[in-house]
Amino acid sequence: MNRNSGTAAPMALGVVAAACFASSFVLNREMSVAGGSWLWTASLRYLFMLPPLVLLVWVRGGLPGVVRSLRARPGTWLGWSTVGFGLFYAPLTWAGREGAGWLLAATWQLVIVAGIVIGGRVPRRTLAVSLLIVAGVALAQTQNADGLDTGSVARVVVPVLVAAVAYPLGNRRLLGRDGLDGVQRTLAMTLGSLPLWVALAGTAGLRVGAPGRDQVVQCLIVALVSGVAATTLFFRATDLVRDRPAALGAVEATQAAEVPFTLAGEALVTGVATPPPSAWAGLALIVGGLCLHALHRPPARTAAVSAGAVPARAEVPPRAEVPAPRPPSARTP
C-alpha cells in the first residue's frame, strides 16, 4: 500500500483497530467487577502478547531487524516503550476499578487532542474535526455521567488523561525507528516495556496470589484481540501516513469509534441500557467527524509537499549573477 495514496485505507484500519481496542474496556471492567486484580489485568495482557508477536514477526522475517534495533538503542526502547505501553495501559486498567467501560472509552478520546498537540503544527481543519468528534463523545456520555460523584469521576479521568498523553507520545517517538514496521514496532515496544510488566506481575503475586481462571482467559482474549490485532493494525495505519501530519491526526481520530463499539459490547456482555437520544446524537457527531476526516483530500500540491514529493518552496528564483570575490581584506568576517 502506497504511503501517499490517501487516508481512507489507513482510517479503515484505524476503525477496525478501534473495534478490537474496545474489547479492553469491556473485558477489563468485567474482570474488575468480578474481583480481579488490576495488576494481573495489566501485566497478563502484555505477557500473553509476547509469544504470538515473536512468532508473527519471525514468520515475516522481521525478527533480526527488531533485535538489531533493540541492541543499538536499548535505552530508547526501554524508556519510550514504558511510556507508550506502560503509562498507557497500567493507568487505564487501574481506572477500570472506578468506572464503567463507556466512561473510560469516552475519556480516552482525549487521546485525539493529545496526539494533535504532540504532533505540532496541524491544519485548523483537522483540529476542528477532531474537536467535533470529542464534542460528540461528550454529548454521548452526558446522561450517563449523571449521578456519579466528583471523586469517582476524578479517579477515572486523571489516570485516563495520563494514558491519553502517554500512548501517542511513546508511539510517535518510536514511529519509523530503524525502519521497523507496525508489527515489528509492537514487538519491540512489548519487549521494551517487559520489565514493568514483570514487576507488576510479581507485585500481584505477592499481594493477591495467582489470578483466577476466568481472569486468565479474559486477559488472553484481550491480549490477542486488543494487544496483538488492534495494536498492529493501528501501528500499520500510522506508518502509512507518518509523513503527513493532517492524515496522521485523522487516523488517530478513528479511536473515537471505540465509544460506540464499547457501548455495544457492554450491552451484550453486561446488559447496559440502550443509549438515550442525546447519546445517539453524540454518536452521529462521532461518525460524521470520522467521515469528514476520511473524505477530505488536500490539494495536490499540498499533499505532495507534505509527503516530501516536491520541495516546500513553490518557486525557485533565477540565480542572480555572482560578483567577483573581493580581496580577503575587504570581506566581512
Stepwise side-chain contact (heavy atoms from CB on, under 4.5 Å) test for Leu39 and Arg207: CA-CA 10 Å; Leu39 293 167; Arg207 291 180 56 181; 4.0 Å; yes
Partner residues of Tyr89 under the ring pair (Phe, Tyr, Trp, His ring centres under 6.0 Å) criterion, sequence neighbours left out: Tyr46
Parallel, tilted or perpendicular, as decided by the 30° and 60° cut-offs, for the rings of Phe85 and Tyr167: parallel
Contact summary for Phe234 and Val251, nearest pair of heavy atoms: CE1-O, 4.0 Å
ILVMFWY network linking Leu50 to Val59, side-chain heavy atoms under 4.5 angstrom: yes
Polar side-chain atom of Ser69 near backbone of Gly65 as donor-acceptor pair, under 3.5 Å: no
Exam field: side chain Glu258 to backbone Ala22, donor-acceptor pair closer than 3.5 Å: no
Asp239 side chain to Gly182 backbone, donor-acceptor under 3.5 Å: yes
Evaluation steps, side-chain contact (heavy atoms from CB on, under 4.5 Å), between Phe21 and Thr231: CA-CA 8 Å; Phe21 276 132; Thr231 306; 3.9 Å; yes
Pairwise distance OG1(Thr262) to CZ(Arg29) - rounded to 0.5 angstrom: 13.0 Å
Check: Thr93 main-chain N/O paired with Arg97 side-chain donor or acceptor under 3.5 Å: no
Smallest separation among heavy atoms of Phe48 and Pro51, with atom names: O-CD, 3.5 Å
Co-members of the apolar cluster containing Leu78 [side chain, <4.5 Å]: none
Counting only pairs under 3.5 Å, give me each side-chain donor-acceptor contact of residues 213-227, with atom names and distances, residues two or more places apart or in other chains.
unit_1	atom_1	unit_2	atom_2	d
Gln215	NE2	Ser37	O	3.0
Gln215	NE2	Thr41	OG1	2.9
Ser226	OG	Ser24	OG	2.8
Ser226	OG	Arg45	NH1	3.2

Student check: side-chain heavy atoms of Arg60 and Asp181 closer than 4.5 Å: yes
Val15 side chain reached by Phe261 side chain, heavy atoms, under 4.5 Å: yes
Student check: side-chain heavy atoms of Asp243 and Leu248 closer than 4.5 Å: no
Side-chain donor-acceptor contact under 3.5 Å, Trp38 with Ser32: no
Any side-chain heavy-atom pair of Thr238 and Arg172 under 4.5 Å: no
Side chains of Val183 and Phe235 in contact at under 4.5 Å (non-hydrogen atoms): no
Closest non-hydrogen atom pair, Thr82 against Gly192: OG1-O, 4.0 Å
Working for side-chain contact (heavy atoms from CB on, under 4.5 Å), residues Val208 and Trp40: CA-CA 9 Å; Val208 300; Trp40 280 124; 3.7 Å; yes
Distance (rounded to the nearest 0.5 Å) between Met49 CE and Thr190 OG1: 3.5 Å
Linked, directly or transitively: Val57 and Val54 (ILVMFWY side chains, under 4.5 Å): yes
Side-chain touch Leu63/Leu187, heavy atoms, less than 4.5 angstrom: yes
Flag side-chain contact, heavy atom, 4.5 Å: Leu169 against Leu87: no
From CA spacing to verdict: side-chain contact (heavy atoms from CB on, under 4.5 Å), Val228, Thr186: CA-CA 8 Å; Val228 177; Thr186 304; over 6 Å; no
Hphob cluster co-occupancy, Leu56 + Leu191, side-chain heavy atoms under 4.5 angstrom: yes
Option among Arg73, Arg68, Arg185 that satisfies the side chain to side chain donor-acceptor pair (under 3.5 Å) test with Asp178: Arg73
Smallest separation among heavy atoms of Ala95 and Leu104, with atom names: O-CD1, 3.8 Å
Point-to-point distance, once rounded to the nearest 0.5 Å, from CG of Leu240 to CZ of Arg242: 9.0 Å
Side-chain touch Trp108/Phe25, heavy atoms, less than 4.5 angstrom: yes
Within one Ile-Leu-Val-Met-Phe-Trp-Tyr cluster: Leu174 and Leu196, side-chain cutoff 4.5 Å: yes
Gln184 side, atom CD; Leu70 side, atom CG - distance, nearest 0.5 Å: 10.5 Å
For Ala188 against Ser81, the heavy-atom pair lying closest together: O-OG, 4.0 Å
Distance-only donor-acceptor check, side chains Ser193 and Trp197, under 3.5 Å: yes
Under 3.5 Å donor-acceptor, Thr232 side chain and Ala229 backbone: no
Shortest non-hydrogen separation from Met189 to Trp80 and the atoms involved: CE-O, 4.3 Å
Co-membership, hydrophobic cluster, residues Leu200 and Leu206, 4.5 Å side-chain: no
